[in-house]
Colleague: 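Encoded as structure tokens, here's the structure I'll be asking about.
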Amino acid sequence: MGIWGWSTMLELTLTVAIICGLGLIVAIVIETFRRRLNHNHLEAHPIFEDPNSLKQVECPYIYDPAEKYISLIIPAYNEELRLPAALDETMNYLQERAGKDNSFSYEVIVVDDGSSDGTKRVAFDFVRKYKVDNVRVVLLGKNQGKGEAIRKGMLHSRGKLLLMLDADGATKVDDMEKLEKQILAVAEMKPDEDVADIPIVAFGSRAHLEKKALATRKWYRNFLMKGFHVVVLLAAGPGVRDTQCGFKMFTRAAARKLFTNIRLKRWCFDVELVYLSKYFGIPIIEISVTWSEIPGSKVSPLSIVNMVWEMGLMSVGYRAGIWKIHKTRES
């Protein structure tokens with residue numbers, strides 16, 4: 001091939017790259033504008049169904065006063081096989097603790113993120129067993145992403161404290177006491193206020209397990225995690241070593257501020273939580289938790305595509321002022 005042929009091929013390649021790049025930028029801008037009022041639809045309250053009485057139970061909203069001490073929100077997408085063991089462990093722990101402390105009240109909210117397997121059936125079996133006051137199910141209908149599932153559960157929970165945890169049981173549920181104690185310690189600095197009314201966030205962290213994880217995880221997950229840490233530093237700044245651990249606790253006041261504003265629906269919503277927490281001046285406590293690799297992870301090489309997409313949305317949305325951060329009613 002002559003020099004002119006190589007020149008033509010180079011020009012064609014550059015043209016295609018520029019067109020694809022411009023197309024991606026346009027798509028990001030369009031989607032960013034589409035999500036600028038993303039919080040508005042959250043005013044619509046879903047209805048919980050009691051499978052025992054077949055009656056509908058109107059669910060609360062994040063602005064309502066707390067009715068329970070703690071709410072546990074579990075997002076579930078095609079978790080028919082892993083969910084039963086995680087829920088058994090969770091309910092055993094909660095019942096044992098409630099038996100020792102009459103002031104301890106709880107609820108578990110399973111958010112079925114459009115599963116195509118028997119996740120819905122498994123979840124409702126636990127509602128039947130433990131009653132709708134203790135276990136509730138939110139059905140999203142179609143798959144919307146882990147971030148959206150958690151947001152929906154948070155916004156319609158009743159706890160003073162709200163804990164998100166994964167359906168695979170990778171972190172033992174009793175580790176929630178570590179996060180709880182740290183939040184209560186910070187809240188003690190404001191003795192005249194209830195813990196529910198003080199914005200505080202506690203992130204479970206696997207940073208202390210990083211060396212072991214690098215040695216045992218698949219190569220693409222390590223590559224993804226390393227690249228993601230760099231992107232997090234650029235997008236949300238330093239301060240949190242492990243943003244992606246699926247074990248996080250919020251006071252009701254913190255959840256109210258964060259989950260009425262969050263717009264990312266899938267893999268990067270945790271980073272947006274860090275960004276919003278810093279914006280509102282909400283203290284973030286990072287606490288080491290036990291964690292184990294559970295077979296059946298939903299993370300794949302395609303996750304990096306979604307990561308780039310959502311981080312692009314977040315960067316354009318906030319830096320261009322397209323996404324407005326809305327103050328809560330008591331702010």
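All values derive from a computational prediction rather than experimental measurement. We count residues from 1, following the sequence as given.
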Colleague: Give a yes or no answer on whether the side chain of S157 reaches the backbone of M154 with a donor-acceptor pair at less than 3.5 Å.
Modeller: yes
Colleague: Which heavy atom of I200 sits nearest to which heavy atom of A187, and what is that distance?
Modeller: CD1-N, 3.8 Å
Colleague: Please check: side-chain N/O of H156 versus main-chain N/O of Y61, any donor-acceptor pairing under 3.5 Å?
Modeller: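 Not at all, since once roles are kept as given, no pair shorter than 3.5 Å links the two residues.
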Colleague: Between R252 (side chain) and L162 (backbone), is there a donor-acceptor pair under 3.5 Å?
Modeller: no
Colleague: Enter the distance from E272:CD to M311:CE here, rounded to the nearest 0.5 Å.
Modeller: 9.5 Å
Colleague: Got V135 and F124 here, is their nearest side-chain heavy-atom distance under 4.5 Å?
Modeller: no
Colleague: Should D125 and R121 count as an ion pair when the cut-off is N to O under 4.0 Å?
Modeller: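 Between R121 and D125 there is a salt bridge, with a charged N closer than 4.0 Å to a carboxylate O.
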Colleague: Mind checking whether L273 and V201 have side chains closer than 4.5 Å, heavy atoms only?
Modeller: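 Counting from C-beta outward, L273 and V201 never come under 4.5 Å.
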Colleague: What pair of heavy atoms forms the shortest contact from I62 to A255, and how long is it?
Modeller: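 Looking at all heavy atoms of both residues, the shortest contact is CD1-CB, 4.2 Å.
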Colleague: Treating E79 as the side-chain partner and A167 as the backbone partner, does any N or O pair qualify as donor plus acceptor under 3.5 Å?
Modeller: no
Colleague: Are more than 12 heavy atoms from other residues, nucleotides or ligands located less than 6.0 Å from atom NZ of K120?
Modeller: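 It does not: K120 NZ has 12 such atoms or fewer within range.
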Colleague: To the nearest 0.5 Å, tell me how far M176 CE sits from L163 CG.
Modeller: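 So the CE of M176 and the CG of L163 are separated by 7.0 Å.
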Colleague: Whether K248 engages the ring of F203 as a cation-pi pair (distance to the six-membered ring centre under 6.0 angstrom, angle to the ring normal within 45°) should be assessed.
Modeller: yes
Colleague: Please report the shortest heavy-atom distance between Y77 and G114, naming the atom on each side.
Modeller: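 For Y77 versus G114, the nearest heavy atoms are CE1-O, 3.6 Å.
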Colleague: In terms of side-chain geometry, is the basic nitrogen of E310 or K265 positioned less than 4.0 Å from the acidic oxygen of its partner?
Modeller: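 No, this pair does not count.
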Colleague: Do F247 and K178 come close enough that some side-chain heavy atom pair is under 4.5 Å?
Modeller: no
Colleague: How close do E80 and G118 get, heavy atom to heavy atom, and via which atoms?
Modeller: OE1-N, 3.2 Å
Colleague: If you round to the nearest 0.5 Å, how far is CD1 of I70 from CD of E180?
Modeller: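 With rounding to 0.5 Å, CD (E180) is 5.5 Å from CD1 (I70).
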Colleague: So, applying side-chain contact (heavy atoms from CB on, under 4.5 Å) with V138, which one of D112, L155, V111, V110 is it?
Modeller: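 When D112, L155, V111, V110 are each tested with V138, the side-chain contact (heavy atoms from CB on, under 4.5 Å) holds only for V111.
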Colleague: Donor-acceptor pair, distance only, cut-off 3.5 Å: does the side chain of S277 make one with the backbone of I282?
Modeller: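 Flag not set: sc S277 to bb I282 has no pair under 3.5 Å.
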Colleague: Among R136, K68, R158, find the residue that satisfies the side-chain hydrogen bond (donor to acceptor under 3.5 Å, both in side chains) test when tested with E107.
Modeller: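 By the side-chain hydrogen bond (donor to acceptor under 3.5 Å, both in side chains) criterion, E107 pairs with just one of R136, K68, R158: R158.
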Colleague: I'd like to know if the side chain of R263 and the backbone of N261 have a donor-acceptor N/O pair within less than 3.5 Å.
Modeller: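 Yes, R263 side chain to N261 backbone: donor-acceptor pair under 3.5 Å.
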Colleague: Within the distance-only criterion (no hydrogens, no angle test), does the side chain of W323 pair as donor or acceptor with the backbone N or O of M314 below 3.5 angstrom?
Modeller: no
Colleague: For Y279 and Y318, I'd like to know if the aromatic rings sit close, meaning centre-to-centre distance below 6.0 Å.
Modeller: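 Centroid separation for Y279 and Y318: 6.0 Å or greater.
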Colleague: Just verifying a value: how many Å separate I74 CD1 and L165 CG, rounded to the nearest 0.5 Å?
Modeller: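 The CG atom of L165 is 4.5 Å from CD1 of I74, to the nearest 0.5 Å.
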Colleague: When you measure from the side chain of D113 to the backbone of L140, do you find a donor-acceptor pair of N or O atoms at a distance under 3.5 Å?
Modeller: no
Colleague: Indicate yes or no for a side-chain donor-acceptor contact from S205 to the backbone of S288 under 3.5 Å, with no hydrogens or angles considered.
Modeller: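 No, the answer is negative, given that no donor and acceptor are paired below the 3.5 Å cut-off.
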Colleague: Is D197 reaching over with its side chain to a backbone N or O of E193, donor-acceptor style, under 3.5 angstrom?
Modeller: no
Colleague: Side-chain contact, heavy-atom cut-off 4.5 Å: F126 with D88?
Modeller: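 A side-chain contact under 4.5 Å exists here.
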Colleague: Can you confirm whether M91 sits close enough to Y106 that some side-chain heavy atom of one is under 4.5 Å from a side-chain heavy atom of the other?
Modeller: yes
Colleague: Is the closest side-chain heavy-atom distance between V271 and L264 below 4.5 Å?
Modeller: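 With C-beta onward as the side chain, the pair stays apart.
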Colleague: Are any of the side-chain heavy atoms of Y63 and R256 separated by less than 4.5 Å?
Modeller: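 Of all side-chain heavy-atom pairs linking R256 with Y63, at least one is under 4.5 Å.
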Colleague: Assess whether salt bridge (charged side-chain N to carboxylate O under 4.0 Å, His left out) is satisfied between K172 and D175, documenting all intermediate values.
Modeller: CA-CA 6 Å; K172 297 300 182 182; D175 266 8; over 6 Å; no
Colleague: Check this for me: does any side-chain nitrogen of one of D166 and R82 sit under 4.0 Å from a carboxylate oxygen of the other?
Modeller: no
